[in-house]
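Below: the structure, in structure tokens.
Residue numbers start at 1 and run along the sequence shown.
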Amino acid sequence: GVTPRSAKAASAINAALQRIKQDANGSEVTVRLEKGTYRLSPDDAPDRIYYISNHDQVVHHPTGVAIEGWEGLTFDGAGSTLLSDGRLLPMSIVGCTDVTVKNLHIDFATPHISQVTIVSNDDSGITFRPSSEVNWDIDDKKRFTAHGKDWTLHYYTGIAFDGNTYHIVPQNSDMSINLSDCSRQGDLVKAPNWKDSRLPVGTRLALRSYHRPHPAVFMEADIRTLLRNVDVHYAEGMGLVAQMCTDIHLDGFNVCLAKGSQRYFTTQADATHFVQCRGTLISENGLYEGMMDDAINVHGVHLRVRQRINNRTLRCRFEHNQTFGYKWGEPGDSVAFVRSATMDQLPFTATIRSINTAGGPIAGTLEYIITLDRDLPEEISDKEGYGIENITWTPEVVFRNSTVRNNRARGALFSSARATVCEDNFFDHTSGTAILLCGDCNGWYESGPVRNIVIRRNRFLNALTNMFQFTNAVISIYPEIPNIKESKTYFHGGSENAIVI
């Protein structure tokens, strides 16, 4: 009974999925949408509590399509579009085994990024025209203001795109924008206090905030998931986030401009992001363009050692305010340790005997009490910074036959000790570094020394046109080491053929 004409598509789709799952009784099922546009609204989308890594921890996520607890589901969009209005999470896949999602578009009717075109630029300031999909006015404080169903934004920064090539304008990075004392002139806005000689007439600006409440697709605790021919045209967060998942295959998962669209931008942050996954992660045949961060980032998470309770037990804490509150590990997982200041890996590994929150449920937890199967080295304590990494939840990675272009920040980030292959990709105007091997235990707390990577048959065109974090070279092997002079071991590499380019 669900069609593109359904008045409350989110609640209708989710109710239908629940009925079908009950009737299926564990057998494999294919759900195919009637092709069309399904309008999703936070007003009727079921509320889900998720702690999504590398995002603002809004906790409550109105979810357009919640695929939860399935075994053997194929969700076939048949070329349909999930068109969201307001702030919500278009799709979640949580606690599932053998789920396929294919032939689907995800978009938003009114993006939180506002695109404008420079009409004039002189000593009197900048005059610009907002695109037709921007709902805007000049508020009582003479500020340019954008509105959506459940949001209002004032902008202080933006990214500039060349109106002809779609490339991000060189040497602009995150531009400061002054939209005070604005006036309306028909369908134009005059901003007398915004002056920037780098913006010729015809330049497109993506005015943006740094909010990232919801990705387009969220995956957690899944086994064997396939996403094929799925296009994300916009999300206020990342295109896809997967955490604590086993065996993921992306085939033609694209974060791309919609056909016929006048936009120059896609997602507010990364196209794809994988946190503490394991098994095999294959991402191939993708197009990633216009996003406000990286195409792919694969990493683990360091917890910081906060207290040595006894010789085998530690109190450990999530340190980054965008990453906490999920199941970090379980008994039987192997762990390793790193000294934060030097990023020296300790020659010590152990197995988790027990892991419990420091109080309360796992959902939302900041701290874990972890007991190991063997005595800790004397040096591991809270007196000097140490991080603990779950080395069981690290994947083998293949990233191939994909194009990354016209995006902010970087191309591909890999931080896994298991075999990684990056091949036959085209990195076209990635702004900063095209390929990065990073890792740190001080800022983002993204773990993962690289021990076995092959980078081959990739093409690079005009990287390093803008300076963002970790922008050191076209291929940058650059972990964050605060006190490198005292480092005694290699963080990445460690053997003759560990890194092959």
Side-chain angles (χ1 to χ4, degrees), residues 1-4 6-26 28-34 37-53 55-78 80-108 150 213-227 230 232 235-245 248 253 325-327 361-364:
V2 181
T3 74
S6 298
K8 296 184 177 181
S11 56
I13 290 172
N14 284 289
L17 284 174
Q18 289 300 313
R19 292 195 302 272
I20 294 166
K21 184 165 68 171
Q22 291 173 2
D23 293 343
N25 197 25
E28 293 187 6
V29 170
T30 295
V31 173
R32 184 177 295 110
L33 297 180
E34 177 185 335
T37 298
Y38 294 79
R39 299 192 72 96
L40 307 178
S41 170
D43 296 338
D44 75 292
D47 181 53
R48 292 292 187 269
I49 295 177
Y50 299 135
Y51 288 85
I52 301 178
S53 185
H55 277 68
D56 304 335
Q57 295 300 334
V58 298
V59 183
H60 290 273
H61 299 268
T63 303
V65 178
I67 299 173
E68 298 176 320
W70 278 87
E71 294 186 13
L73 170 69
T74 296
F75 187 90
D76 185 353
S80 296
T81 297
L82 301 179
L83 184 64
S84 300
D85 189 14
R87 280 185 161 141
L88 57 79
L89 169 61
M91 175 174 283
S92 66
I93 308 169
V94 175
C96 296
T97 300
D98 294 319
V99 163
T100 295
V101 176
K102 63 182 182 179
N103 305 325
L104 190 66
H105 302 266
I106 296 175
D107 204 352
F108 280 70
D150 50 8
H214 315 285
V217 179
F218 172 56
M219 295 171 50
E220 182 176 47
D222 299 317
I223 301 172
R224 293 186 300 276
T225 309
L226 169 63
L227 280 75
V230 175
V232 174
E236 197 179 7
M238 297 180 181
L240 178 144
V241 176
Q243 61 192 36
M244 301 298 287
C245 291
I248 300 171
F253 181 90
Y326 66 89
K327 183 180 179 181
I362 289 176

Item to check | For Glu28, salt bridge (charged side-chain N to carboxylate O under 4.0 Å, His left out) partners two or more places apart | outcome: none

Side-chain atoms of residues 84-100: list all donor-acceptor pairs with protein atoms under 3.5 Å, sequence neighbours left out, distances to 0.1 Å.
{"residue": "Arg87", "atom": "NE", "partner": "Glu236", "partner atom": "OE1", "Å": "2.8"}
{"residue": "Arg87", "atom": "NE", "partner": "Glu236", "partner atom": "OE2", "Å": "3.3"}
{"residue": "Arg87", "atom": "NH2", "partner": "Glu236", "partner atom": "OE2", "Å": "2.8"}
{"residue": "Ser92", "atom": "OG", "partner": "Tyr50", "partner atom": "OH", "Å": "2.9"}
{"residue": "Asp98", "atom": "OD1", "partner": "Arg224", "partner atom": "NE", "Å": "2.7"}
{"residue": "Asp98", "atom": "OD2", "partner": "Arg224", "partner atom": "NH2", "Å": "3.2"}

Acceptor/donor pairs from residues 16-26 side chains to any protein atom, 3.5 angstrom cut, sequence neighbours excluded:
{"residue": "Lys21", "atom": "NZ", "partner": "Glu68", "partner atom": "O", "Å": "2.6"}

Next on the checklist: Quick check: closest heavy atoms across Gly239 and Ala216, and the distance to 0.1 Å?
Outcome noted: O-CB, 3.2 Å

Checklist entry - Tell me the side-chain hydrogen bond (donor to acceptor under 3.5 Å, both in side chains) pairs involving residues 7-17, sequence neighbours left out? => result Ser11-Asp44

Next on the checklist: I'd like to check the side-chain hydrogen bond (donor to acceptor under 3.5 Å, both in side chains) partners of Asp56; sequence neighbours left out, ordered by chain and number.
Outcome noted: Gln322

Checklist entry - Quick one: CE on Met238 to CD1 on Ile52, what's the gap to the nearest 0.5 Å? => result 10.5 Å

Item to check | side chain to side chain contact (heavy atoms under 4.5 Å, CB included) partners for Asn103, two or more places apart | outcome: Asp76, Asn229

Checklist entry - Is Gln243 reaching over with its side chain to a backbone N or O of Tyr51, donor-acceptor style, under 3.5 angstrom? => result yes

Checklist entry - Quick one: which of Val29, Leu33, Thr30 gives a side-chain contact (heavy atoms from CB on, under 4.5 Å) with Phe75? => result Leu33

Checklist outcome for this item: Residues passing the side-chain hydrogen bond (donor to acceptor under 3.5 Å, both in side chains) test with Ser80, sequence neighbours excluded, are none

Checklist entry - Does Asp107 have any side-chain hydrogen bond (donor to acceptor under 3.5 Å, both in side chains) partners at least two apart in sequence or in another chain, and if so, which? => result Arg263

Item to check | Derivation of the side-chain contact (heavy atoms from CB on, under 4.5 Å) call for Tyr38 and Leu83 | outcome: CA-CA 6 Å; Tyr38 294 79; Leu83 184 64; over 6 Å; no

Checklist entry - When you look at His60 and Ile49, which way does the side-chain contact (heavy atoms from CB on, under 4.5 Å) test go after all the steps? => result CA-CA 5 Å; His60 290 273; Ile49 295 177; 3.9 Å; yes

Checklist entry - Rounded to the nearest 0.5 Å, what separation is found between the CG atom of Leu82 and the CZ atom of Phe108? => result 10.0 Å

Item to check | Pairing residues for Ala242 by the side chain to side chain contact (heavy atoms under 4.5 Å, CB included) criterion, not counting sequence neighbours | outcome: Met219, Leu240, Cys245, Ile248, Phe274, Cys277

Checklist entry - Residues two or more places apart in sequence or in another chain: which of them pass side-chain hydrogen bond (donor to acceptor under 3.5 Å, both in side chains) with His55? => result none

Item to check | Leu226 CG to Phe253 CZ distance, which is reported to the nearest 0.5 Å | outcome: 12.0 Å

Checklist entry - If you round to the nearest 0.5 Å, how far is CD1 of Ile67 from CZ of Phe218? => result 13.5 Å

